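Structure first, then comments.
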Amino acid sequence: MTTMQATLAMPAATELLPLIPELVLVGAAFALLMLDLFLKDSQRVVTHVLSIATLVLVGGLIAAGVGVGDDTTVLNGMFVRDTMADVLKVTTCVVSAIALLFVWPYLRERGLYKGEVSVLMLFAVLGMMLLTSAGSLIMVYLGLELLALSSYALVAIDRDNKLASEAAMKYFVLGALASGLLLYGMSLVYGATGSLDLAAIREAAPGVAQPMLLLTGVVFMVAGISFKFGAAPFHMWLPDVYHGAPTPITLFIGSAPKLAAFAMVVRLLGFGAAPLAEHWQPMLAVLAALSLVVGNVIALMQTNLKRMLAYSTISHVGFLFLGLAGGGAEGYAAAMFYAISYALMATAAFGAIVLLARRGFEADNIDDFKGLNARDPWSAGMVLCVMASLAGIPPFLGFWAKLAVLRAAINGGMLWLAIVGVVFAVIGAFYYLRVIKVMYFDEPVGEPVLPRDDRALRLVFGVNALGLLVLGVFWNPLMAWCQAAFA
């Protein structure tokens, strides 16, 4: 009996090996949750430092390939660990660690930093990692809801702020609607194919008895995915949430989750619904065009920097959809490259606001950056790198990201969409260049405010901003990793 029990236990233990990073992360999150009960407010830095250390450890485990050799599928196909998952997870850990570094000084200064902030961020990262490795509709929904519920709570962390509370309510209500659409689509796909496993759905899709039921399910899934991305016309939650949430929380929810959302598209559509690509690729093309038009045109009229970046996010989602609509290994690799590039650019863009903000002064208006070069040339130079990269000016990282998705769209037979992308890339450059213009050529409005005198924060922001230039010059290795994920 003992031998039989050992024999039966061995496969279960073996199947847990690819999940070692996730198990370490969830164990650390629960441990920090318990530890925080015994800490005073003056000791919260312990939770903060340990949270960053956890993300570094988890990212290191994934990069070192702990628990997996080649592509691995465990838990009856529910969990997939492959090259795409590992690259996205490592990037997610890096971006989330950067977000945590920006969170601490901002929330501590306002008396908002509680231990649950770090813990919620760790649970959100866990949701992203599960979503990235999903091999089943159940795992997709589990990861998505873990990410979403943690994000709702983070947006509402400033409970006495009416703007933040309103943003959290909008996020919750519209997020629930998006989850409902996605779940309904999944139920229709299950009804048509009789399986929750994405590999089985892919095999069953060409010969289903009710193809219209399956196609309707895919349509609802595309709508749910578009809500989660913030693609037009499903973008109504995004500007208000980005504006209302505390800036470092906006930094977090506006960067790392885009990586998980990209993985969700690839798992659900690029793999599970691959036989229906001729139907869902035109849908993504239309959504890409709408996002480019709506995001860029409305961003031109914004005076609040957080709202401008929110609408620009919609346009960046449009560029990401360019690669996905192009399809194929080239299209997915280009979209993945764009998702990683945008996540790094978004952390730096919102980090610039955190760097300038003070208690009682959010520094979230474009006018707040007027004359920044005269006050602090170093900070102005770093912000210039960020805005130039977002605008797609060579040799910054954003240029190569845009070029990659445009080329993928052309090679995928979407020349008209690539033309739309080029036109609105030029239009979109205006509002980024406007920020550069006010920093270097305008006089300050009111009493000039210097950037925060925090060497650690300035160092993190500087590394993030200069990284966009360095990665722009040496972009080939990053693109090679993305291409290897779909080789």
Side-chain angles (χ1 to χ4, degrees), residues 24-58 92-93 95-129 145-172 175 240-257 306 347 350-351 353-355 357-364 452 454 456-457 460-461:
V24 170
L25 180 58
V26 72
F30 280 118
L32 288 175
L33 189 61
M34 295 300 296
L35 174 64
D36 188 68
L37 294 173
F38 302 98
L39 296 177
K40 301 176 182 178
D41 285 343
S42 59
Q43 299 172 321
R44 297 293 180 207
V45 68
V46 174
T47 309
H48 171 70
V49 171
L50 290 177
S51 298
I52 296 174
T54 298
L55 290 173
V56 172
L57 173 61
V58 171
T92 297
C93 289
V95 170
S96 301
I98 294 173
L100 269 170
L101 290 169
F102 281 111
V103 159
W104 170 252
Y106 183 97
L107 296 185
R108 179 193 59 185
E109 188 175 63
R110 291 158 178 78
L112 297 174
Y113 193 92
K114 304 296 180 184
E116 54 264 31
V117 173
S118 297
V119 174
L120 283 169
M121 291 178 72
L122 291 182
F123 278 119
V125 172
L126 177 63
M128 295 180 222
M129 292 174 67
E145 288 309 294
L146 184 55
L147 166 60
L149 292 173
S150 301
S151 300
Y152 302 152
L154 285 169
V155 172
I157 203 72
D158 189 0
R159 291 175 294 181
D160 296 329
N161 187 319
K162 292 182 179 179
L163 199 60
S165 300
E166 180 185 350
M169 284 300 297
K170 287 181 179 178
Y171 197 14
F172 173 73
D240 290 335
V241 171
Y242 278 30
H243 185 202
T247 303
I249 302 301
T250 302
L251 184 155
F252 176 66
I253 64 174
S255 54
K306 286 173 73 174
T347 56
F350 289 106
I353 301 175
V354 175
L355 187 68
R358 297 286 186 280
R359 185 170 186 173
F361 175 70
E362 292 303 313
D364 58 355
R452 186 188 299 273
D454 186 329
L457 190 65
V460 172
F461 175 64

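Just so it is clear, the model here is predicted, and its values are computed rather than measured.
Contacts classified as ring-ring contact (aromatic ring centres under 6.0 Å, His included) and involving residues 145-167 (residues at least two apart or in different chains) are given here: Tyr152-Tyr171, Tyr152-Phe172. Pairs passing the salt bridge (Lys or Arg N to Asp or Glu O under 4.0 Å) check and including a residue from residues 161-171, sequence neighbours excluded, read Glu166-Lys170, Lys170-Asp240.
Phe123 pairs by the ring pair (Phe, Tyr, Trp, His ring centres under 6.0 Å) definition with Phe30, not counting sequence neighbours. Under the rule for a side chain to side chain donor-acceptor pair (under 3.5 Å), the partners of Thr347 that lie at least two apart in sequence or sit in another chain are Asn464. Not counting sequence neighbours, the partners of Pro257 by the side-chain contact (heavy atoms from CB on, under 4.5 Å) test are Met128, Leu147. Tyr242 is linked by a ring pair (Phe, Tyr, Trp, His ring centres under 6.0 Å) to Phe350, counting only residues two or more places apart in sequence or in another chain. Take Glu116 and apply the salt bridge (Lys or Arg N to Asp or Glu O under 4.0 Å) test, not counting sequence neighbours, and it matches no residue. Taking the side chain to side chain donor-acceptor pair (under 3.5 Å) definition, one finds that Glu109 meets it with Arg452, sequence neighbours left out. Residues passing the side-chain contact (heavy atoms from CB on, under 4.5 Å) test with Ala167 are Val155, sequence neighbours excluded. With sequence neighbours left out, Arg108 forms a salt bridge (Lys or Arg N to Asp or Glu O under 4.0 Å) with no residue at all. Scanning for ring pair (Phe, Tyr, Trp, His ring centres under 6.0 Å) contacts around Tyr106 gives an empty result, with sequence neighbours left out.
Shortest non-hydrogen contact noted between Ala357 and Arg110 is CB-NH2, 3.8 Å. Nearest heavy atoms, Met129 versus Val58: CE-CG1, 3.8 Å. Leu35 and Val46 make their closest contact through CD2-CG1, 4.2 Å (heavy atoms, listed as atom of the first residue, atom of the second, distance). Summarising the geometry of Glu362 relative to Ile353, their closest heavy-atom pair is O-CG2, 3.4 Å, with the distance given to 0.1 Å. Across all non-hydrogen atoms, the minimal contact from Gly351 to Leu251 is N-CD1, 3.5 Å. Considering all non-hydrogen atoms of both residues, Thr92 and Ala256 come closest at CG2-CB, 4.3 Å.
Note: Arg159 CZ to Leu112 CG = 9.5 Å, rounded to the nearest 0.5 Å.
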I'd like a table of donor-acceptor pairs (distance under 3.5 Å, sequence neighbours excluded) in which one partner is a side-chain atom from residues 50-57, with atom names and distances.
from	atom 1	to	atom 2	distance (Å)
Ser51	OG	Thr47	O	2.7
Thr54	OG1	Leu50	O	2.8

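Side-chain atoms of Trp104 and Ser118, non-hydrogen and from C-beta on, never get closer than 4.5 Å to each other. A 4.5 Å side-chain heavy-atom check between Pro246 and Ile157 finds at least one atom pair inside the cut-off.
With Phe102 as the partner, the side chain to side chain contact (heavy atoms under 4.5 Å, CB included) test is satisfied by one option alone out of Val354, Leu355, Thr247: Val354. Of the residues listed (Val95, Leu100, Val117, Val125), the one engaging Phe252 in a side chain to side chain contact (heavy atoms under 4.5 Å, CB included) is Val125, and it is the only one.
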